[in-house]
Amino acid sequence: MTLNRNLGLCLAFLALTALYALPAIAPRAMVQDLFGILTLLVLAMNWNLLAGFAGLVSVGQQAFVGIGAYAMFAAIILAGLDPLVGVLIGGIAAALFAVPMAFFAFRLNGAYFAIGTWVVADIARLAISQWKALGGGTGTSLPKGTAKEMAFVDQIKELLDVSSAAAADALTYWLMLSLAVGVLIASYVFLRSRMGLGLQAIRDNENAARSVGVDPVKLKALVFLLTAFGTGLCGALAFIQITRVTPDAAFSVIDWTAFVIFITVIGGIGTLPGPIVGVAVFYLLQRLLADYGTIYLIVLGCLGIAVMLFARRGLWGLFIDRTGIDLLPLTHRPPRMVASRPAAHRRSA
Amino acid sequence: MAILSLQSVSKSFGALKVTDDVSFDLNAGEALGIIGPNGAGKSTLFNLITGNIQPDRGRVLIDGQDVTRLPPMDRVRAGIGRSFQIPQPFGHLSVYENLLVAARFGGEIPASEAPGFCMDILSRTGLATVAEKPSGGLPLLQRKRLELARAMATRPRVILLDEIAGGLTDAECVELVATIRSIHAEGTAIIWIEHVLHALNSVVERLMVLNFGRMLMIGQPDQVMASPEVREIYLGIEA
Ligand SMILES: Nc1ncnc2c1ncn2[C@@H]1O[C@H](COP(=O)(O)OP(=O)(O)OP(=O)(O)O)[C@@H](O)[C@H]1O
Ligand SMILES: [Mg+2]
């Protein structure tokens with residue numbers, strides 16, 4: 001068990017090193033490709049926290065991608081800030097938007113919550129389309145050369161001995177990779193914390209959780225805000241590379257939510273490694289079936305349905321059941337010793 | 001001052017009056033038993049005390065403070081711990097983790113002390129050997145013990161126990177009574193709903209009889225049991 005874990009950690013470390021080294025050794029197209037995959041991974045990890053752990057099945061995550069992207073564009077075009085500052089502003093803007101959205105959506109349950117979040121996201125899209133300074137319904141592009149003038153691009157250019165454009169790609173790629181690692185570690189720490197324990201209790205039995213002092217609304221709202229922040233950051237970063245934003249692209253339910261749901265479900269909803277497995281499968285399918293267009297989507301859909309029917313906890317859940325190996329377990333093990341009985345804890349009146 | 005008071009509490013489900021103008025005070029450290037036929041409204045009374053159900057009329061007070069509008073989690077932190085008649089474990093969590101949730105949230109025990117605190121309760125309730133088992137897979141008797149243990153882990157000043165002795169062997173029942181007595185001896189007040197009268201009466205200082213949602217009697221156990229009205233209601237059970 002520990003041997004397996006150490007092996008797993010070693011493999012993860014090697015994979016990570018290879019991923020960080022990629023811009024130095026791989027062609028630029030591959031870096032861009034992986035950037036797209038990492039974007040989906042970050043979105044999937046956020047959605048997994050939301051739906052898989054907090055039971056909030058949102059279909060409106062594109063709201064946070066779109067708002068993150070537009071806030072970033074506004075920071076660059078209207079305020080003249082560095083794109084990297086713009087990304088941070090994108091995350092904050094998304095988290096701020098999540099507050100009123102939660103007020104509305106938390107009144108709804110289950111399917112109504114899902115539809116409610118979708119409706120809010122679409123209202124946000126329509127509202128942003130009215131923003132004339134950022135191109136209204138037809139959108140706008142980043143000023144020429146914005147990406148190349150980002151902080152650190154010159155240093156990376158020298159370090160890797162590549163063009164400015166390739167250096168900018170490398171920078172956004174590294175940032176997205178770091179965001180993915182950061183979200184994974186933060187999720188793990190969060191789920192292992194007191195609050196994570198409370199979330200798992202709510203998932204199992206909300207009524208009993210309330211009766212032992214867990215406040216479901218508070219915990220779920222917290223997850224909603226945190227994942228909105230992560231999703232907003234991700235959306236803003238993604239659109240630095242895309243360089244052009246339109247309301248339809250930034251608030252696309254297919255690109256930013258539907259695929260993300262597929263990835264999470266296939267990989268294993270409610271497990272931490274699930275989205276990683278899911279995104280790997282997604283990437284492989286995309287490469288294998290790239291030439292077949294629609295077939296690709298059909299295969300993806302069928303796979304999603306098959307997993308939902310036959311492996312409720314996805315491919316990763318299947319792997320755990322077969323092998324007993326869980327790389328990122330969330331369990332709290334009891335202490336071995338029951339030596340000295342601590343003094344009885346009493347609450348003073 | 002009473003640690004817990006109910007003042008003219010009433011609750012109906014549709015046309016069915018399940019709690020009918022119930023008032024009583026519970027003193028700190030006191031043990032109160034509740035008996036009554038099936039469907040008398042005993043469990044509902046617990047739900048009204050814990051806030052899982054809102055009353056139609058009347059008030060619930062903890063330490064003289066009106067908590068009628070407060071949700072369950074606030075009442076837990078105010079010192080009301082409960083068990084459920086039909087066990088409601090966090091099925092995917094281990095037995096130990098079930099207690100950990102209760103200790104960290106309801107009991108407000110710091111992370112460093114929680115493991116020892118939970119293990120202590122597990123050994124007191126005879127669950128130490130299954131600490132790592134998923135609670136969803138436990139047999140009924142152990143689920144009931146878990147209900148007791150998890151309620152204890154919220155560090156209650158009043159613990160509400162709903163039929164936790166049913167189906168036990170004599171030896172197990174003796175053990176359970178000893179555990180409940182030890183909780184009582186630490187100064188925790190107890191309200192215990194139980195059909196196993198000899199177990200109940202060996203612990204409680206006062207006994208309440210509920211029938212059709214009404215509080216028929218409340219008083220010393222032997223006096224209550226001697227009343228003809230109670231004997232009549234309980235004929236089927238006690239005969
Ligand atoms: N949520 C509910 N909705 C409708 N009716 C309910 C609800 N909860 C309880 N009842 C009804 O209220 C009555 C009292 O139920 P309660 O569970 O309080 O009885 P009890 O005294 O605990 O019975 P038992 O000894 O069987 O546990 C029953 O007739 C029950 O069917
Ligand atoms: Mg009952």
Side-chain angles (χ1 to χ4, degrees), chain A residues 1 52-53 55 189-222 268-271 312-313 317 320-321 324 326 329-349, chain B residues 3 28 50-52 63 71-77 79-84 87-109 111 113-120 122-124 128 131-132 135-136 147 150-151 153-157 186-188:
Chain A
M1 181 72 201
F53 289 98
V189 170
F190 179 77
L191 290 171
R192 296 262 318 157
S193 75
R194 171 175 173 275
M195 288 180 287
L197 196 61
L199 267 190
Q200 294 177 64
I202 294 167
R203 178 200 59 199
D204 281 1
N205 189 328
E206 184 157 337
N207 189 40
R210 284 152 55 88
S211 295
V212 298
V214 183
D215 188 336
V217 174
K218 210 162 102 184
L219 275 182
K220 288 180 179 185
L222 182 65
I269 190 167
T271 69
R312 297 297 294 272
R313 296 213 308 151
I320 296 177
D321 293 344
D326 192 354
L330 299 171
T331 46
H332 297 257
R333 320 242 353 225
R336 275 280 137 252
M337 45 91 229
V338 195
S340 61
R341 281 186 152 202
H345 287 262
R346 301 266 350 278
R347 201 192 285 274
S348 49
Chain B
I3 191 168
T50 59
N52 292 85
D63 297 321
M73 41 276 182
D74 290 340
R75 301 194 200 187
V76 183
R77 282 192 288 271
I80 309 286
R82 76 165 301 173
S83 74
F84 287 97
Q88 299 196 17
F90 305 124
H92 293 97
L93 299 185
S94 71
V95 169
Y96 169 73
E97 286 168 324
N98 267 263
L99 264 67
L100 205 54
V101 177
R104 298 284 281 123
F105 283 87
E108 295 177 296
I109 303 220
E113 291 172 34
F117 173 76
C118 292
M119 285 315 286
D120 188 46
L122 287 179
S123 57
R124 280 177 72 183
E132 288 194 72
S135 60
E147 282 294 325
R150 197 173 64 187
T154 62
R155 251 187 344 154
R157 290 185 294 133
E186 286 165 3
T188 308

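In what follows, every chain begins at residue 1, and chains take the letters A, B, ... in the order their sequences are listed.
- Taking every heavy atom of both residues into account, B:Val101 and A:Ala201 meet most closely at CG1-CB, 3.9 Å.
- The most heavy-atom pairs under 4.5 Å with chain A, out of B:Arg82, B:Arg75, B:Glu132, come from B:Glu132.
- Using a 4.5 Å cut-off between heavy atoms, A:Ile202 does not touch chain B at all.
- Of the atoms belonging to A:Ser193, not a single heavy atom falls under 4.5 Å from chain B.
- Here CZ of B:Arg104 is found 8.5 Å from CG of A:Leu197. Values are rounded to the nearest 0.5 Å.
- Between A:Ser211 and B:Asn52 there is a side-chain heavy-atom pair separated by less than 4.5 Å.
- The two residues B:Met119 and A:Pro334 come nearest to each other via the heavy atoms SD-CB, 3.7 Å.
- The cationic atom of A:Arg194 (NZ for Lys, CZ for Arg) lies less than 6.0 Å from the six-membered ring centre of B:Phe105 and within 45° of the ring axis.
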**OP:** Decide yes or no on side-chain contact (heavy atoms from CB on, under 4.5 Å) for B:Met73 and A:Val214, but give the supporting numbers first.
**Re:** CA-CA 6 Å; B:Met73 41 276 182; A:Val214 183; over 6 Å; no
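- Using a 4.5 Å cut-off on side-chain heavy atoms (C-beta onward), A:Val212 and B:Phe90 make contact.
- From B:Asp74, atom CG reaches atom CZ of A:Arg210 across 10.0 Å, with rounding to the nearest 0.5 Å.
- When side chains are defined from C-beta on, B:His92 does not count as touching A:Gln200, because their heavy atoms never get closer than 4.5 Å.
- With a 4.5 Å cut-off on non-hydrogen atoms, A:Arg203 touches chain B through its side chain but not through its backbone.
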